[in-house]
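Below, chain A is the first sequence line, B the second, and so on; all start at residue 1.
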There are 2 protein chains.
Amino acid sequence: MRIGEAAAAAGMTAKTLRFYEDSGLLPEANRSSNGYRHYNHESVTRLEFIRRGRAAGLTLAQIREILALRDAGEAPCTHVQELLEVQLAALDQQIAELTALRSSVAALRATATAQPPASCDPARICSYL
Amino acid sequence: MRIGEAAAAAGMTAKTLRFYEDSGLLPEANRSSNGYRHYNHESVTRLEFIRRGRAAGLTLAQIREILALRDAGEAPCTHVQELLEVQLAALDQQIAELTALRSSVAALRATATAQPPASCDPARICSYL
DNA sequence: CTCGACCTTCCCCTATACTGGAAGGTCAAG
DNA sequence: CTTGACCTTCCAGTATAGGGGAAGGTCGAG
């Protein structure tokens, strides 16, 4: 299949496929005599792998690393597990920080709501914020 | 205090402070007669707020919006309160999305961990990801 | 034979959040 | 008086993940 079809099958654009090829996530595509890239089912599987990795929050660099291991004939499973552990820890950290920030903003709102309307003088900086 | 000292106090670089000023996250700094910016404790508090927001995954645009509420001298307080509500909702949304992503990654890890090593066939893309 | 939908390469642009470095001014210490 | 550590502005580059659009080649349908 040609690039547009493969891209659609993987839920991406042709532009993205060329970008992935340039970025080393895809091998250089086979070309027909007219120079068109063509892809097979395996290519689409690889693209879906990339898409799922992105959806899981992996960077293209991380995905490239996994694919490189696979292409070298080495089972990436241990490496994938390590990457997932790292990703989980990062997410936990991020969620904790965001939750703390939410508390801060909620406190601001609580203070703002508790202010008597009379203190809301447009000429003043709303100091409770 | 001068820019380097304020930056160090907030765990940033002087470059970043100038960038934040240009980006509208900091008001134009007061200058000494020699043109040096100078800052006070309040400035550092603001910088720390920004840093916490960044650590929590907020964009500078989001932080700028929250800070604009702090600075909203002319805004009617009801409007300020509305904006705080919007910010809170945005934070809740962001926390929900991160939490969903975390579940997704945790599920991937669980599947990966449960895979018998024998199924990690180099000829296959790790199908559990 | 032309039309439209594809495809190609090429280069530049987007947004985010800085970072580096050049060229020059300021200031306290030795 | 010079040195070095600051500070100033301005211009340019980095990394990420693509997107826009030009200029041109290819192909099946009408």
Colleague: When rounded to the nearest 0.5 angstrom, what is the spacing between CG in A/L60 and CZ in A/F19?
Modeller: 6.0 Å

Colleague: Hey, is the side chain of A/N34 poking within less than 4.0 Å of OP1 or OP2 on D/dG25, counting only N and O atoms?
Modeller: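 So the side chain of A/N34 is outside the cut-off, no N or O lying under 4.0 Å from OP1 or OP2 of D/dG25.
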
Colleague: Rounded to whole angstrom units, what separation is found between the CD atom of A/Q62 and the C1' atom of D/dA17?
Modeller: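 In whole Å, D/dA17 C1' and A/Q62 CD are 14 Å from each other.
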
Colleague: Select one nucleotide: of C/dA17, D/dT8, C/dT9, the one nearest the side-chain heavy atoms of B/R37.
Modeller: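 So the side chain of B/R37 is nearest to D/dT8.
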
Colleague: Roughly, in whole Å, what's the span from CG in B/L17 to C1' in D/dC6?
Modeller: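 My rounded result for the distance is 15 Å.
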
Colleague: Listed in order of residue number, which residues of residues 18-30 of chain B have a non-hydrogen atom at under 4.0 Å from DNA chain D?
Modeller: B/R18

Colleague: Taking C-beta and beyond as the side chain, do A/M12 and A/R51 meet within less than 4.5 Å on heavy atoms?
Modeller: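 Yes, at least one pair of side-chain atoms sits under 4.5 Å.
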
Colleague: Any side-chain heavy-atom pair from A/L17 and A/T13 closer than 4.5 angstrom?
Modeller: no

Colleague: Do A/E85 and A/Q81 have a side chain donor and acceptor closer than 3.5 Å?
Modeller: no

Colleague: Less than 4.5 Å apart, any side-chain heavy atom of A/R46 and any of A/L25?
Modeller: no

Colleague: Quick one: is B/T13 getting a side-chain N or O under 4.0 Å of the C/dT19 phosphate, OP1 or OP2?
Modeller: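 Checking B/T13 against C/dT19: at least one side-chain N or O falls below 4.0 Å of OP1 or OP2.
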
Colleague: With heavy-atom distances below 4.5 Å as the criterion, would you say the side chains of B/Y39 and B/E5 are in contact?
Modeller: no

Colleague: Is the closest side-chain heavy-atom distance between B/M1 and B/V44 below 4.5 Å?
Modeller: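 Yes, their side chains come closer than 4.5 Å.
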
Colleague: So which one's nearest nucleotide on DNA chain D is more toward 5', A/K15 or A/Y36?
Modeller: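 Between the two, 5'-proximity favours A/K15.
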
Colleague: Got A/L47 and A/L26 here, is their nearest side-chain heavy-atom distance under 4.5 Å?
Modeller: yes

Colleague: Would you call A/Y36 and A/I3 a side-chain contact if the rule is heavy atoms closer than 4.5 Å?
Modeller: no

Colleague: Between C/dT9, D/dC10, D/dC27, which nucleotide has the shortest distance from any of its atoms to the side chain of A/R31?
Modeller: C/dT9

Colleague: Give me the residues of residues 1-9 of chain A where at least one heavy atom lies under 4.0 Å from an atom of DNA chain D, by number, or none.
Modeller: none

Colleague: Quickly work out the B/Y39 OH to D/dC6 C1' distance and round it to whole Å.
Modeller: 14 Å

